[in-house]
Protein chains: 2
Amino acid sequence: MGTVRERPPARSTTRTVRATSRPSADDTRGRILAAALDLFSERSFEGATTREIAVRAGVTQPLLNYHFHGKEELWRAAIDSLFDRLTTVLDTRLTGLRGVDERTVTELVVREFVLFSAANPQLHRIITQECKADGPRIDWLVETHIRPLYDAMADRLRRLSEAGLAPAVPPAHLYYILTGAAATMFVLAPECRRLSGVDPSDPAVAEQHADAVLSLLFGTGNHSGHKEL
Amino acid sequence: MGTVRERPPARSTTRTVRATSRPSADDTRGRILAAALDLFSERSFEGATTREIAVRAGVTQPLLNYHFHGKEELWRAAIDSLFDRLTTVLDTRLTGLRGVDERTVTELVVREFVLFSAANPQLHRIITQECKADGPRIDWLVETHIRPLYDAMADRLRRLSEAGLAPAVPPAHLYYILTGAAATMFVLAPECRRLSGVDPSDPAVAEQHADAVLSLLFGTGNHSGHKEL
DNA sequence: CGGCAGCCTATTCGATTGATCAGTCCTTGC
DNA sequence: GCAAGGACTGATCAATCGAATAGGCTGCCG
């Protein structure tokens with residue numbers, strides 16, 4: 001356990017296309033990571049078995065220990081890939097909005113966050129998972145991935161609040177009201193389908209939800225799509 | 001497995017006080033249920049082990065199979081006890097508000113729900129857990145416990161919306177915005193402590209959060225406790 | 001063309017899981 | 001008092017977990 005083995009090539013970032021007939025290690029790693037993300041978010045860290053991850057990825061179980069060293073490193077790698085997608089989406093949105101007033105930028109970022117939560121409910125599911133245990137994995141998760149996002153969003157909310165452009169609520173409360181309102185419908189999608197008949201996996205529903213969240217928290221939202229059920 | 005055994009006395013509702021020196025079976029059942037609720041919410045159904053539940057309850061592991069028939073029935077019994085507490089709290093609040101205008105009643109019910117979520121984060125944690133798997137347990141959970149609560153709250157929100165006393169947002173969206181905004185801070189309490197320094201287990205923080213939720217969703221809340229961080 | 005490194009599989013290990021069974025202790029009813 | 005039975009424990013079961021080991025296959029490089 002304490003012994004550090006040499007890790008596989010791990011050409012993670014620059015996914016070089018390898019046009020050989022031999023099975024590509026990058027493709028395999030990608031399939032394993034996608035399967036791991038699904039199963040870790042569905043069954044939690046302890047509940048997900050490496051065998052089932054391997055089956056869903058179409059490989060054998062010892063291969064997970066070949067590419068990643070143990071269940072824990074596989075978990076971290078899967079989380080990394082998920083947060084990479086999120087930060088990429090948010091960063092490209094932000095760089096495309098240079099010069100726009102801060103209120104509008106915040107609304108568009110929030111909308112982007114709602115749509116990402118709808119398309120990737122695994123994010124909040126895994127965070128919720130690890131928050132319950134309050135162990136070393138939530139430490140890593142917060143310090144590695146969540147804190148930069150929180151700091152940026154809390155600063156943004158505080159500036160808007162002080163300028164009277166957002167509700168006068170302490171940033172921490174506003175942050176959790178915002179993320180909770182944005183993500184809960186998609187995290188609880190199976191419940192929502194059974195209770196209300198609304199299917200959160202429908203992109204139109206996600207847009208409606210983004211409108212609703214923005215209209216409630218910022219007073220201005222596109223209500224065009226709203227219909228009473 | 002398919003054989004149905006005779007179940008223990010199960011004097012669940014009317015907890016008759018047994019003033020004997022013998023260890024009370026009801027007390028033992030209660031301790032097991034409390035421990036099960038904690039561990040099921042912390043580690044999920046598959047992740048929680050019956051041995052650890054037994055250790056936390058101060059009993060041996062075979063006793064869980066004596067009082068409850070298998071892990072699944074123990075899980076259901078633990079959920080029952082949690083929802084019994086919630087419906088009791090909400091019902092007594094509602095019966096004490098007969099004759100009050102509906103807007104005020106709704107606000108006070110929402111406040112009660114926020115405070116319950118703060119004191120019992122296991123509720124949303126378990127619902128989130130089971131929603132991920134989308135299996136038979138979420139079926140049971142929705143039909144047995146959640147649907148009555150949802151129907152009552154959705155009806156209430158729809159009436160208020162149509163009267164112009166609540167945001168004009170479809171009830172399903174409003175419901176998940178409300179419950180998400182109310183509960184997420186407490187579900188993610190360990191993350192919140194690390195990120196912001198705010199401790200959601202502090203009752204004063206729970207009151208602040210109830211104020212914030214009400215002021216954002218209904219425009220009126222007691223802002224007396226709000227302070228910028 | 002021969003070795004060699006990279007990618008992957010079959011097999012198996014010790015540990016741990018939920019569940020069962022036999023048996024003990026103690027209270028209660030008669 | 002004494003049989004009956006409820007409450008509980010120790011020991012153990014087969015199943016399954018994550019991980020380790022050894023070996024096979026393929027395609028490139030000298």
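A, B, ... follow the sequence lines: proteins, then strands. Residue 1 opens every chain. Reckoned from all heavy atoms, side chains included, excluding hydrogens, waters and symmetry mates.
Listed by residue number, B/A48, B/T49, B/T50, B/R51 are the residues of residues 33-51 of chain B with a heavy-atom contact under 4.0 Å to DNA chain C.
Atom NZ of B/K71 is separated from atom P of C/dA19 by 8 Å (rounded to the nearest Å). Look at CZ on A/R31: it is 14 Å from P on C/dC7, rounded to the nearest Å. To the nearest angstrom, C1' of C/dT9 lies 11 Å from CD of A/Q61. Going from atom CD1 of B/I53 over to atom P of C/dT16 covers 18 Å, rounded to whole Å. Distance, B/N65 CG to D/dG10 P: 16 Å, rounded to whole Å.
For the ring pair (Phe, Tyr, Trp, His ring centres under 6.0 Å) test with A/W140, the passing option among A/F83, A/W75, A/F45 is A/W75; the others fail.
Between A/H67 and C/dG6, a side-chain N or O to OP1/OP2 separation shorter than 4.0 Å is absent. Regarding contacts with the backbone of C/dC8, every side-chain N or O of A/Y66 stays at 4.0 angstrom or more from both OP1 and OP2.
Side chains of A/H67 and A/T28: no donor on one and acceptor on the other come within 3.5 Å. A donor-acceptor contact under 3.5 angstrom links the side chains of B/H145 and B/D80, judged on distance only.
In this structure, the ring of A/H209 has its center no less than 6.0 angstrom from the ring center of B/Y175.
No side-chain donor-acceptor contact under 3.5 Å links A/T144 to the backbone of A/L141.
The existence of a salt bridge linking B/D38 and B/R43 is excluded, since no basic side-chain nitrogen approaches an acidic carboxylate oxygen closer than 4.0 Å.
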